[in-house]
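When reading the values below, keep in mind they use all heavy atoms of this one structure, side chains included, and skip hydrogens, waters and symmetry mates. Position 1 is the first residue of the sequence, and the numbers go up from there. The model shown is predicted, which means the values in this text are computed figures rather than measured ones.
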Amino acid sequence: MRIPIKQYMKENPDVVLVMDGGQGTELENRGIDVANPVWSTVPFINESFWCDNSSRDRVIVKQMFEDFIEAGSDILMTITYQTSFKSVSENTPLKSLEEYNGLLDRIVSFSRGCVGEDKYLIGCIGAWGAHVCSEFTGDYGPHPEEIDYLEYFKPQLENFVHSSDIDIIGFETIPNIHEVRAILSWDESVLSKPFYIGLSVHEYGVLRDGTSLQQVADLIHGLRDEGKLNPNLVSIGINCCAFNQSPMILESLHNSCPELPLVVYPNSGEIYDTVKKVWLKNENQTSTWDDVVKSYIENGARIVGGCCRTTVSDIKEVRAAVDKYAKATVKH
């Protein structure tokens, strides 16, 4: 039986956990069409997924989890980035909170069954901007400070907080400082489970809305000094970011927040064409997973994985690099 993750990370300060990779990418590569407003949540909406253990999509999702574990993942995500109540209720036949909670319960239970009892499971929550495709711009309109972020997150957050299958909650691809501030303002009555925040950053190392990482660090330090920082914040970091620039960005964050364990899972290095909506090969990519993981570990990374376009093969390389450079690793 796994030790609670907050306790485990505290008692094993030299261990680096390997995350899984781009789940949506893997599902798409394996034949599931995720081009939908609810993205990789798509297979779970079809009742046949739940009624037929041999259904094509169910077999694909289960095999994806198994392949990431075989590649060396210690900590894996629920496939729920685009599964907010707003996204689900506006784009699927499921309209009520009761139906929504039933869906999340099923997804989380299925995910736990796939990863087993020894692996850690992240309850994945996408940014507020995910439902309006602005997690890569940080453009939350003229008054982002007036958005009720808790109202948006609350249905998914409450479900994950009360789930015994979820070990840690991950707020992913957060591009706007007002959203960061809102999440950090929630005390243990709202967020009673370990959580981390993955920041959405430009390749030159600032939040998508232009906020510097030093400003993010100042926010965290200010809350801590006031005794208002939720003790369940176990990590902060970057995800869905440029592969080549990710070591420099993580180093900057580490320098600003040296006391916090960091999480990092970059994209594959390919470049997304926002006009044509396709991924293009990056002709200037020079770094390797061995290079970047070594730098991550030297700069405080405790959880390392991959985001968009990363595959099982990428996670194998991450595992090899973690085993090579970390002072301690999870015993398999």
Side-chain angles (χ1 to χ4, degrees), residues 2 4-6 8-9 16-25 39-41 65 68 73-84 87 104 107-108 111-112 114-115 119-131 135 149-150 152-176 179-180 182-184 186 190-201 207 216 220 230-241 246 250 253 257 260-267 296 300-308 310 315 318:
R2 64 198 180 278
I5 192 167
K6 186 177 175 182
Y8 182 82
M9 293 180 71
V16 176
L17 298 173
V18 174
M19 194 187 280
D20 51 359
Q23 295 175 328
T25 297
W39 196 42
S40 51
T41 311
F65 276 119
F68 275 127
S73 295
D74 307 304
I75 180 168
L76 300 96
M77 289 190 171
T78 57
I79 311 175
T80 50
Y81 175 82
Q82 201 77 315
T83 321
S84 68
S87 292
L104 285 185
I107 294 173
V108 171
S111 300
R112 172 53 69 192
C114 289
V115 308
K119 304 296 181 183
Y120 289 112
L121 186 63
I122 302 167
C124 171
I125 298 180
W128 178 90
H131 83 285
E135 68 265 55
Y149 297 101
L150 182 55
Y152 174 78
F153 285 121
K154 191 174 183 180
Q156 191 173 12
L157 181 58
E158 286 189 339
N159 186 283
F160 287 172
V161 163
H162 291 108
S163 172
S164 60
D165 286 325
I166 297 292
D167 297 298
I168 182 171
I169 293 170
F171 293 95
E172 287 198 296
T173 329
I174 307 297
N176 190 289
E179 187 171 18
V180 175
I183 295 169
L184 291 175
W186 303 334
V190 176
L191 253 174
S192 57
K193 184 164 282 190
F195 71 99
Y196 73 80
I197 299 174
L199 304 171
S200 178
V201 292
L207 287 190
V216 175
I220 293 171
N230 189 324
N232 288 311
L233 175 68
V234 297
S235 182
I236 194 163
I238 55 176
N239 76 284
C240 209
C241 54
S246 57
L250 197 76
L253 185 58
C257 268
L260 268 179
L262 301 184
V263 56
V264 53
Y265 43 116
N267 293 336
Y296 295 160
R302 297 292 307 284
I303 302 175
V304 180
C307 204
C308 292
T310 59
I315 298 308
V318 172

(request) Check the pair T83, T41 against side chain to side chain donor-acceptor pair (under 3.5 Å), reporting the backbone distance first and the verdict last. (result) CA-CA 6 Å; T83 321; T41 311; 2.7 Å; yes
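Across every non-hydrogen atom of L250 and A301, the tightest pair is CD2-CB, 4.0 Å. Contact record, G126 with Y152: O-CE2, 4.5 Å, taken as the closest heavy-atom pair. Taking both residues in full, the closest heavy atoms of F171 and L157 are given as CZ-CD1, 3.9 Å, listed atom of the first, atom of the second, then distance. I122 and G170 get closest at one heavy-atom pair: CG2-N, 3.7 Å. The two residues R302 and P261 have their closest heavy-atom pair at CG-CB, 3.5 Å. Contact detail for Q156 and T80: the closest heavy-atom pair is NE2-O, 3.0 Å.
Judged by distance alone, with hydrogens and angles left aside, the side-chain atoms of N267 form a donor-acceptor pair with the main-chain N or O of C308 at under 3.5 Å. Of the possible donor and acceptor atoms, one in the side chain of S73 sits under 3.5 Å from a partner among the backbone N and O of F68. Side chain of K6 to main chain of K193: no donor-acceptor pair is present (N/O by atom type, distance under 3.5 Å, no hydrogens or angles). Looking only at distances, no side-chain donor or acceptor of K119 sits under 3.5 Å from a matching main-chain atom of L76. When atom types are taken as modelled, the side chain of S235 and the backbone of V263 share a donor-acceptor pair closer than 3.5 angstrom. D165 contributes no side-chain N or O that, together with a main-chain N or O of R112, makes up a donor-acceptor pair within less than 3.5 Å. In this structure a side-chain-to-backbone donor-acceptor pair under 3.5 Å is present from S200 to E135. With hydrogens and angles ignored, the 3.5 Å screen pairs no side-chain donor or acceptor of S163 with any backbone N or O of N159. Side-chain atoms of E172 never come within 3.5 Å of backbone atoms of Y81 as a donor-acceptor pair (strictly under, hydrogens ignored). Side-chain atoms of D167 come within 3.5 Å of backbone atoms of L121 as a donor-acceptor pair (strictly under, hydrogens ignored).
Screening I238, N239, I183, T173 against I197 for a side-chain contact (heavy atoms from CB on, under 4.5 Å) leaves a single residue, I183.
Ring geometry, W186 versus F153: the interplanar angle exceeds 60°, so the pair is classed perpendicular (tilted spans 30 to 60°).
Checking Y296 against S246 by side-chain atom types alone, a donor-acceptor pair falls below 3.5 Å.
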